Every structure is written in C-alpha cells, then in structure tokens.
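We count residues from 1, following the sequence as given. Fair warning: this is a prediction, and the values are worked out from it, not measured in the lab. These values consider heavy atoms only, across backbone and side chains, with no hydrogens, waters or symmetry-generated copies.
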Amino acid sequence: MNFLRGVMGGQSAGPQHTEAETIQKLCDRVASSTLLDDRRNAVRALKSLSKKYRLEVGIQAMEHLIHVLQTDRSDSEIIAYALDTLYNIISNDEEEEVEENSTRQSEDLGSQFTEIFIKQPENVTLLLSLLEEFDFHVRWPGVRLLTSLLKQLGPPVQQIILVSPMGVSKLMDLLADSREIIRNDGVLLLQALTRSNGAIQKIVAFENAFERLLDIITEEGNSDGGIVVEDCLILLQNLLKNNNSNQNFFKEGSYIQRMKAWFEVGDENPGWSAQKVTNLHLMLQLVRVLVSPTNPPGATSSCQKAMFQCGLLQQLCTILMATGIPADILTETINTVSEVIRGCQVNQDYFASVNAPSNPPRPAIVVLLMSMVNERQPFVLRCAVLYCFQCFLYKNEKGQGEIVATLLPSTIDGNSVSAGQLLCGGLFSTDSLSNWCAAVALAHALQGNATQKEQLLRVQLATSIGNPPVSLLQQCTNILSQGSKIQTRVGLLMLLCTWLSNCPIAVTHFLHNSANVPFLTGQIAENLGEEEQLVQGLCALLLGISIYFNDNSLENYTKEKLKQLIEKRIGKENYIEKLGFISKHELYSRASQKPQPNFPSPEYMIFDHEFTKLVKELEGVITKAIYKSSEEDKKEEEVKKTLEQHDNIVTHYKNMIREQDLQLEELKQQVSTLKCQNEQLQTAVTQQASQIQQHKDQYNLLKVQLGKDNHHQGSHSDGAQVNGIQPEEISRLREEIEELRSHQVLLQSQLAEKDTVIENLRSSQVSGMSEQALATCSPRDAEQVAELKQELSALKSQLCSQSLEITRLQTENSELQQRAETLAKSVPVEGESELVTAAKTTDVEGRLSALLQETKELKNEIKALSEERTAIQKQLDSSNSTIAILQTEKDKLYLEVTDSKKEQDDLLVLLADQDQKILSLKSKLKDLGHPVEEEDESGDQEDDDDELDDGDRDQDI
C-alpha cells in the first residue's frame, strides 16, 4: 500500500509525463520482480490507473499482463487484477461520460487494443483455459474480457474460438454455473459469440443450448422475468434466425411445445411493466423466426402444424381477442398470428372459427377488419391487420370464397356486419388509406382464383335512393374517373389489374362500359407530373391486361382494334415507356422484398407485395402482345386452341389411366387377400398334419407302454385296490366298453363299404369320361382329362392302401380283444373278494357305455360323409354330357372334396375326444388294477387310431 500511495502521490505532484514514467516503473516491476507480492501490487496499481490512463497502460503494460496470465496462474488474485486491467483497456463501457466528439476515438482505441491482443491466437486460447477455473475472481473477469473482445472484433475472435479445441463447449459450461452473475454474463458472451456465425450457432445449439436457455427462462418467470429473460431470448433469436438446421433441431426437440407457457396472459393481468412488454415482444418475434415466409416452405409448414397441435396458435388468438393488451404487443401478436396461419390450411380454418368475446360474438376477422378501415386506429396496427388478412387468404381458396360470398346478394345478412361489407365501406370511404387497404385486401380475395373473380362480377351496389344499382366493377371505374387521391387511385388500379388478369369474362365486363377505354387512353397520353407517372403506368398495365386476356367477344374492342387505338392515340413506344414507370418506381423494389406491408408512414403505402409479382409476370408478355401483328395473333390463337385440344386429350387419357390404376389397385388388393387366405389355409393344413402325426406318435408310444404294463401286471394281482369305486360303476363301464366295441366294428364295416363304392364309381366314371373327352375335345381339354385320370388313379391307389390299413387295424383289434377276453377269464389272486370283481365289471361296463356313445356320434359323422360322397357321384354322372360340363363338374368336385375334408376334420376332432375319454377310462382301470380292461382299452384305442389313419387317407384323396 505504501508503494501504491507513492505512485499516486507522484501522479498528482509531477507533470503529465510522470504518469507514463509511473506506468513504466510498474511494468518493470511486474516484469522483473521475483516476489509474487510485489508483482501483485504492481498489477493492482496498473488496474487502478487503467481507466483514467487507458492508452498509456494499454501500450506499455499489455504484454506484461499477458505474461502474468501465462506464468502466475497459481495465484488467482493477480490473475483477477490482470484480467480486470485488460478489460479496462479493451472495453468501451466506461466511455459513456466522455464527450460525444471523443466517443469514436475511444471505440477505435478499443478495436486497436483488441487487434493487438488477438494478433497472437494463443492469447484467446489462454483466456479460454482460464474460464475453466471455478474461482469467481478469475472466471467472471475472464467472461467479461472475452465478451468485450467479441464486441470489438467479432469475426476474427469467433474464428479463433471455433478452431480452438473444445472452445465453444467451454463457453457453454458457463450456463450451468450456479452463480447467477456468471451465468447471466455467460448468456451475454454467447450472444456476441453467435452473432452472424452459422457454424458456431450450430455447435452451440447441439451443446444443448435450447434446453438450458428455456430452463433459465422458466426459472426467471417467463414473460414476467427480468432482463435475464430478455438476454436469453436475444440469444435464442441469434441461434434460430436464418439457420434452417437449428430451426429443424428446435422443432424436432419438441421445444415449440414449451413456448406455449410464455403466452399465458389473460384479461385479469395485474400490469404491464416495460420489461414484460419487451420480453413478450421478443417472444413473439421468436415465434415469427420459426414461421417466417423467408424460411424454406417445408420447415415453415412443419413448425406451423406443431404450433397448432400444441395449442400455441390458440394461445396467441386468446391474446389477440383479450382486452387491456398494450398496442405494440397487440400489433406484434397480429403479425405473429399472420405468419403462423400463412399458407397452412388447418391453421387458416381454425383462425376463421375464432370469435371475439363480444355480444353477440363476432368473427375475429370481422373485428380486425373494423380496425383496419377505422382511420382513428394506429397506422402500424392497421398495417398488421392488413397483413393478417393477406396471410389468411394466402393459398386459401376456401377462405377466398367465404369472403367473396359475404358480398353476394343471397348471403348478405342485414342484422350483422360482414367482412365484405366492411371492405366495401373501406373501398369507398373518404380516407385514402382505408381505400388502399380495402382494395388490396379485396385483391387478395381474388388472387389466383378465377372462380371468385367471376363471382365478384355479380356484386351490385346501391349508390343512392331512386337510382338503379351498379356493379362493383363499374363503381371502381367511376371513382377512378373522379380524380381522387393518388393513394386511392393506385389501390383501385391494383384491384382492377388483379381482377382482370387471367379472367376474360371480367375483361369483357370492363370493356363493355364504353367510357373505360377512353379514360385509360386519355390518362396514358397526357403529359403529367412525376406524381402522376405511377398512375399512368398502372393505367397502361390495365389496358395491356385488357388486350392480352381479351377473348374478342366485343366487336368494338377486339385485340387488334385496341392495339390500333394505342398506336394512334398514344404510340407504342410511348405506351411501353409509361408501362415501365411501375417497376422503376423507388417504392416498387421495397415492396417486392417481403410480404409484410411494413411502411414508415402512410405516404409510403403504395405497392403490395403480391401485386409486384403480377407486374413482373405481365410486363413482358404485354410488351410482346403490343408489338404482335394480327396474323401472329391468329397463329397464336390457333396454337392455343391446338394446345387446349391436346390438353383435353391428355386429360382424358390421364383420367382413363387413373381409373385403370384404381382398378389395378383393387385387383392387386384382391390378389393379396386371396394369397393371404391361401397361406392361412396352407398353414392350417400343415398344423393339422403335424397334429395328426403327433397323435400317431403318441398312440405308438402308448401302445408300447401298454404292452410292457400288461406283461408286468400279468404276474401280479389283478385287483390291487378298489380305491372306493362301487361295483355298480364297474359293471356300467364294462357295458359301455362292449357297446363301443360293437359300434366300432359296425362303423369300420360301413367305412369299408363306402370306400369301395366310391372307388368303383370313380373308376367307372373316369374311364367313361376319358374316352368321350378324348374323342371330342381339343388338345388342351385332352390334357386336362389326362390330368384328371392321373389324379383319380392316385386316389384309387390311396383307397387301396387305406383299405389294407383298415384290414390290418381290424386284425390288431381282434387280437387285442382276444387278449382282453383271456385276461378277463384269468383267475383272481387270493384275497380278492367278489366285491372287487363286481366293481371291475361295473367299471368296464361304464367305459363300454361311453365308447358306445362316442361311436354313435362317429356313425352320424360317417353318414354325413356318405351323403357328401353321394353328391359327388351325382356330379360325376352329370359331367358326361360335354367337355365344358366336365370342366365345370371338375370344379364342383373339388368344392365337394373340400367340404368332405371339413367333415373329416370334424370327425378327427370327435375321434380325438374319444381318445381322451378312453385314456381317462384307462387311468381308472389302472387304479382298479385290472389288466384285462387296460388291454381292451389299448385295443380300442388302436382301432380308433386306425380309423383316424383311414380318415387321413380319405382326406388326402
């Protein structure tokens, strides 16, 4: 401190050059002193001198201060002093109290020192490394210094940070700092870093900047927050504006949904502070950045849909219709809603359904138009309403039709004010700005919609009591001829040009009034002042449209006669010169840049954006049309007719191709459906075959097990335990088993007889049909008959194998029955009571009764199968007449075989049920310890499975 006092005392005592000497001594002390305390005191003294003697400290001490940052990183205090000193040297923040004439000099001084500092990129890298320090006295001055460098020379500093390893990531860590002052200054740093640098903007966005900034905005209270919210919103605008990649990332990250909470502002609002107005204004601008007309159409459309789906558009409309909203916020909200609905049919339809909270409720469009045609409303608000109306009608034929319909006689409601009535009122008002706005709004209702142009011709206006009504078209031309203000005439001429373009019927109506053409030629031919040149150019454009879109339906005003009139009264060169006045006007290029009507004052409100597109489109073709001869016109008409005919033919064939494509699509769907059904049926057949094979395997396994069990039980007692079964139950089971045996034998014999009959019928009919077919049919039919013969021979072989299998199974069944009878006659072991014997008998009879019932059901199924086979026989008899009938009956035969297959499937299901019941009887007999009945059961089961095998063979046939 004594050293510092000596320095400061020397400053006041000596002359001016003593400050430079003092600074030089301090710099020498920083460079040469070996004690850290001495260097620290010297740097602290330089810091205190740096604000007042900025130039001297900057020239002499900058190199030494940078050296301190490199060598004394272990001491946070000296680092903090060095950073603060560099900040005072480079920053211009402290120059506010300086006189205005020295402000520019101070700014140049900061830029020069910044250039010296970044001349060595390692200095910026060193500063980035210091930001990794958590010490507040190091990190905060470092953030301020880097922010000042970016403000002075942004692009070169941005490039150094961009190429520095993890440079941007280190700066992003500032947003996660728990100390608010560092976090808030970090937001300011990122603002300067991301300004006009797309590469850094993308890196910052992908470092999760959106998530962190939105969290900060939420923590600070959204629109009710302080200046921190404002800084975050400005940073978000830097990241999103004119950056399609970041906009898509913002939308895909579902961050649009989080914006809805920003606009939850109701009527009962406690107040609107200046900061809240600023915050909400920036929030609305951020929404507009995402849906700006200058963005790619696809990106804008996806953001518009997301805003509708998450309810953001609905929230904006709520603010739009709320009361107590400040004028500038209301204006910006209207502009925001305009761009959210522009060109998006869903959003436009929703906006058309919004009603103002009035009594009775009125559509929001009507309420807005009332403000537009009211000359007492602010100019910017009226411009915003016009822009909203234009965006509502942009690419919205439905909305255009609804607006025009409010002007037609059949839809006018005398009890309420409609949009059409307001537009007409503004069109013929005494306020020239209302005239211009209404004319442009009505022109947008006709833009690119020939149907509505024709419908608008039906509009009739009552001018005064006792006079007949006149058309809207005629009334517009009447006002033009009355010599009103230039703004009014420009608006009406733009409306008429839009109305007549691409609408020959409207051109005919316009030319039908004999006073219109002389008025236009008179306006064009006169030599008027510069103010009237624009009106002359628009009159020339309107006359040119009347020529170019003329269908020659009026003899006095054909294309050729109008061109002759121009040549006689105006001159072609003079006409073309007057036509060029439009695009040469100073306000024309300004209006052609952006769709939004943004004018500094009403006097600049001359051109509409969409009208400039129309002028650019028609100026060249009208010039060519004026210089064309009548022969060229005729040739052009012929070419047009030929092209129309060609287009009609092409359209006709396109419709035919479209219909055929639809038919092909239907057929493809049918084919795919049939394929699916076929695959399902094949899958079902495969599953059934596998199940049958499983049953066969289970049957063979049980057969082996039963043989082993019978052999084992033959040496033991037949009546181990009764297990509580009564003798009556055993006798009932025995009776059931006997009945089932008898019915099984009967069913097997019936099956054998039916198979024999079917085989004989098929063999005889196929032979007869084959001879007749081969004698009379074509080679193709002969091939089909041969195929049928092969199929029938295969069926015959299968039937033979089936009958052999049935015989084998019958033999095995009889053997099993004999074995059962032998076991039944065997003598019981000692100790077996008559009660046990009676119980076994009852059990066997019960099983026989169950088998008998199942056999009856099988018999019914076999009868049904016999009837199906009889039907097949009849079909085969009727097929002997002709080859065609043969083919038809072949198909029917396949259908009947399919039905038979289904019946066989049902039979298989019933046989499976029988098998389960036999198994249950077997288990009961096992419990009784009666080996005779178990063998009988195995024999019965074997017979049943033989029948299953026979059924499978029939099914295959």
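Contact check on Asp431 versus Arg382 returns a salt bridge, with a Lys/Arg side-chain nitrogen under 4.0 Å from an Asp/Glu carboxylate oxygen. Taking a cutoff of 4.0 Å between a charged side-chain nitrogen and a carboxylate oxygen, Arg489 and Glu532 qualify as a salt bridge. Glu555 and Lys561 are not joined by a salt bridge, as no carboxylate oxygen comes within less than 4.0 angstrom of a charged side-chain nitrogen.
With hydrogens and angles disregarded, a donor-acceptor distance shorter than 3.5 Å links the side chain of Gln304 to the backbone of Glu339. At least one donor-acceptor pair under 3.5 Å links the side chain of Thr498 to the backbone N or O of Met494. No donor-acceptor pair closer than 3.5 Å links the side chain of Gln452 to the backbone N or O of Leu446. A donor-acceptor contact shorter than 3.5 Å links the side chain of Gln487 to the backbone of Pro602. Counting only distance, with no hydrogens or angles, the side chain of Lys559 and the backbone of Ile626 share no donor-acceptor pair below 3.5 Å. A donor-acceptor pair under 3.5 Å is formed between the side chain of Asn295 and the backbone N or O of Val289. Listed for the Lys563 side chain is no donor-acceptor partner under 3.5 Å among the backbone atoms of Tyr627. Under the 3.5 Å distance criterion, the side-chain polar atoms of Asn347 are matched with a main-chain donor or acceptor of Val340. With hydrogens and angles ignored, the 3.5 Å screen pairs a side-chain donor or acceptor of Gln536 with a backbone N or O of Glu526. Proximity of a side-chain donor or acceptor of His609 to a complementary backbone N or O of Ala591 within less than 3.5 Å is detected.
Contact between Leu614 and Ser501 at its shortest, heavy atoms only, is CD1-OG, 4.0 Å. When every heavy atom of Leu393 is checked against every heavy atom of Ala441, the shortest pair comes out as CD1-O, 4.0 Å.
Just one residue in the list Leu493, Leu587, Val490 forms a side-chain contact (heavy atoms from CB on, under 4.5 Å) with Leu534, and that residue is Val490.
Taking the six-membered ring where tryptophan is involved, the planes of Phe392 and Phe389 are tilted, since the angle between them lies from 30° to 60°.
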Next item on the list: With side-chain contact (heavy atoms from CB on, under 4.5 Å) as the test, would you mind laying out the steps for Gln400 and His444 before giving the verdict?
Entry: CA-CA 8 Å; Gln400 290 175 326; His444 277 262; 6.0 Å; no

Notebook entry, point to check: When you look at Tyr557 and Asn552, which way does the side-chain contact (heavy atoms from CB on, under 4.5 Å) test go after all the steps?
Noted result: CA-CA 7 Å; Tyr557 295 106; Asn552 296 323; over 6 Å; no

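Between Gln596 and Cys391, the closest side-chain pair of non-hydrogen atoms is not below 4.5 Å. You'll find the side chain of Cys303 reaches within 4.5 Å of the side chain of Ile256, heavy atoms only. Under the 4.5 Å side-chain criterion, counting only non-hydrogen atoms from C-beta, Leu386 is in contact with Trp436. At a threshold of 4.5 Å between non-hydrogen side-chain atoms, the residues Leu423 and Ile403 count as touching. In this structure, the side chains of Phe379 and Leu433 come closer than 4.5 Å at one or more pairs of heavy atoms. For the pair Thr336/Val291, no side-chain contact is recorded, criterion being any heavy-atom separation below 4.5 Å from C-beta on.
Between the side chains of Gln390 and Asp608, at least one donor N or O sits under 3.5 Å from an acceptor N or O.
By the neighbour-count criterion of 12 heavy atoms within 6.0 Å, atom CD of Glu567 is sparsely surrounded, having that number or fewer from other residues, nucleotides or ligands.
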